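Read through the structure below, which is laid out as structure tokens, and then see the notes.
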Amino acid sequence: NAGVTQTPKFRILKIGQSMTLQCAQDMNHNYMYWYRQDPGMGLKLIYYSVGAGITDKGEVPNGYNVSRSTTEDFPLRLELAAPSQTSVYFCASRSDHRSPLHFGNGTRLTVT
Amino acid sequence: ILNVEQSPQSLHVQEGDSTNFTCSFPSSNFYALHWYRWETAKSPEALFVMTLNGDEKKKGRISATLNTKEGYSYLYIKGSQPEDSATYLCACFSGSARQLTFGSGTQLTVLP
């Protein structure tokens, strides 16, 4: 099993550009999450999904959008990149409420 | 948004020392407490998921306890080794059980 796969691993964007961070899992997990890692702040939840067709905002959703058209995929969209979105982004999934999160390897994004 | 706090923020110990960290969380509407180990340049890996008051879990030299009534969990490492150096994250799941809120982590450095 590949687990949770994130692409790309690294990306540099200019202010105002847009991009999509891809996340796919092959474990048939219902729950999927996007977190960003800010120095000294741990992991902040951006968006999450409890199943295909269902998404909801987390703690820091502004500037981002998500979709969940299939169980496997949970892409994160940045429409107008800003320097404040420079961060490491982690996608994660889990099977149910008693299970731990399985994380992808992260995407390091720099906006200049 | 839950207030999940971890202490200390960072810790240096000598190889062979035993150590422990604290995670505090709101005790109301508690559902689950997670511990993760996060090595530099990698993604977080799950250590424990605990749900019941009084739960104790162990994996090798690492163990954890849970007190849901007073809202805290301890993580213990016995006989620390340099390979234990990492950031240890706790995360609390409560309320609707859809969002996992992370603490800022305890960064452990084990000196040889």
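The chains referred to below are lettered A, B, ... by the order of the sequence lines, with proteins before strands, and numbering in each begins at 1. Since this is a predicted model, take the numbers as computed values, not measurements.
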By a 4.5 Å heavy-atom criterion (distance strictly below it), what part of A/Arg108 contacts chain B: side chain, backbone, both, or neither? neither
Test side-chain contact (heavy atoms from CB on, under 4.5 Å) on B/Phe21 and B/Ser7 and set out the steps. CA-CA 6 Å; B/Phe21 335 126; B/Ser7 61; over 6 Å; no
What option among B/Pro44, B/Ala91, B/Gly105 has the most heavy-atom pairs under 4.5 Å with chain A? B/Pro44
Answer yes or no: is there a side-chain heavy-atom contact under 4.5 Å between A/Leu13 and A/Thr86? no
Measure from the ring center of A/Phe90 to the ring center of A/Tyr35 and say whether it is less than 6.0 Å. no
Chain A-proximal positions within residues 49-61 of chain B [heavy-atom distance under 4.5 Å]: B/Val49, B/Thr51
Under 4.5 Å from any heavy atom of chain A, what part of B/Tyr36 do you find: side chain, backbone, both or neither? side chain
Just wondering, do A/Ser93 and A/Met27 contact through their side chains at under 4.5 Å, heavy atoms? yes
Heavy-atom cut-off 4.5 Å, strictly under: side chain, backbone, both or neither for B/Trp35 against chain A? neither
In this structure, is the centre-to-centre distance between the rings of A/Tyr48 and A/Tyr31 below 6.0 Å? no
B/Tyr76/B/Asn20 under side chain to side chain donor-acceptor pair (under 3.5 Å): CA gap, chis, key distance, verdict: CA-CA 4 Å; B/Tyr76 300 91; B/Asn20 65 84; 5.9 Å; no
Please examine the side chains of A/Val88 and A/Phe10, heavy atoms only from C-beta on, and report whether any two atoms are closer than 4.5 Å. no
Evaluate the pair A/Cys91, A/Cys23 and indicate whether the two SG atoms are within a distance below 2.5 Å. yes
